[in-house]
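I have placed the structure first, in the form of structure tokens, so that the comments after it can refer back to it.
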Amino acid sequence: MALDNDIERILWNEEEISQRVSELASQITQDFSDTVSSSAPVVVGVATGAFIFLADLVRKIKLPITVDFVRAESYGFGTESNGAPRISCDLKIDIQGKHVILVEDIVDTGNTLSCLIAHLKSKGASSISVCTLLDKPSRRKVNFELVGKGKFYCGFECPDYFVVGYGFDFAEVYRNLPYVGVLKPEMYE
Ligand code: IMP
Ligand code: MG
């Protein structure tokens, strides 16, 4: 595919991602199995980036869950978040008293996540967990706190490269690549 030519190297291929997603899903299934009798956890995807990860993850979670999306915008068309995400599309499901699992593509500076957690907390979630495919801890500027008995699940620690594929975009392109790869710098310089 033409898009492949813009990729410098692949960090995680389809098989590696699928294997790790299965592990995360079994961990979540195990951790939440005792909560479902009171209420089904709500899995909240952060659009657009988390849509593929979310779709793969929820099909491997063996519990009655509900699914919803929020959208937070901070990027524009660069590769640096501008630090002030805006919630441009809110939940449909009422999460009052519910266990929420927020599914993100990546935690980079932490701005988006801390803003989203504060927002979901204000809607009365009884716990907020975070499941992110990638984490770039070296880039963190803002710390985030989970809510209640919330847990942090992370697929892979990501080196400080701008990545695309498996939901990740650059200027809305590359999301449909089936792997996560590093974009050639000349593509965004
Ligand atoms: P943060 O607010 O700086 O933590 O940024 C989080 C958001 O930035 C993620 O949800 C992604 O959409 C985007 N992002 C961060 N790093 C990358 C990357 O390497 N490739 C594509 N998008 C990224
Ligand atoms: Mg995003």
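Atoms within a ligand are numbered from 1 in the order they appear, just like the ligands themselves.
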Is the closest heavy-atom distance from [X] to ligand 1 below 4.0 Å?
{"X": "Ile106", "result": "yes"}
{"X": "Gly110", "result": "yes"}
{"X": "Leu134", "result": "no"}

Taking 4.0 Å as the limit for heavy-atom contacts, which would you say applies to [X] with ligand 1: side chain only, backbone only, both, or neither?
{"X": "Val46", "value": "neither"}
{"X": "Phe170", "value": "neither"}
{"X": "Asp105", "value": "side chain"}
{"X": "Phe168", "value": "side chain"}
{"X": "Lys136", "value": "side chain"}

Out of Asn111, Thr112, Asp160, indicate the one that has the non-hydrogen atom closest to atom 6 (C) of ligand 1. Thr112
Quick check on contacts: which atoms of ligand 1 are under 4.0 angstrom from a heavy atom of [X]?
{"X": "Glu104", "answer": "10 (O)"}
{"X": "Thr109", "answer": "1 (P), 2 (O), 3 (O), 4 (O)"}
{"X": "Asp169", "answer": "21 (C)"}
{"X": "Tyr161", "answer": "19 (O)"}

Rounded to the nearest 0.5 Å, how far apart are CG of Leu177 and CD of Glu14? 10.0 Å
Hydrophobic cluster membership, Ile87 vs Val142, 4.5 Å side-chain cutoff: no
[Y] and [X] side chains, donor-acceptor separation under 3.5 Å:
{"X": "Glu23", "Y": "Gln19", "result": "yes"}
{"X": "Lys149", "Y": "Ser127", "result": "no"}
{"X": "Arg140", "Y": "Thr109", "result": "no"}
{"X": "Tyr179", "Y": "Asp4", "result": "yes"}

Parallel under 30°, tilted from 30 to 60°, perpendicular over 60°: which one fits the rings of Tyr153 and Phe32? tilted
May I ask you to check whether Phe152 and Phe144 place their ring centres under 6.0 Å from each other? yes
When the aromatic ring centroids of Trp12 and Phe156 are compared, is their separation below 6.0 Å? yes
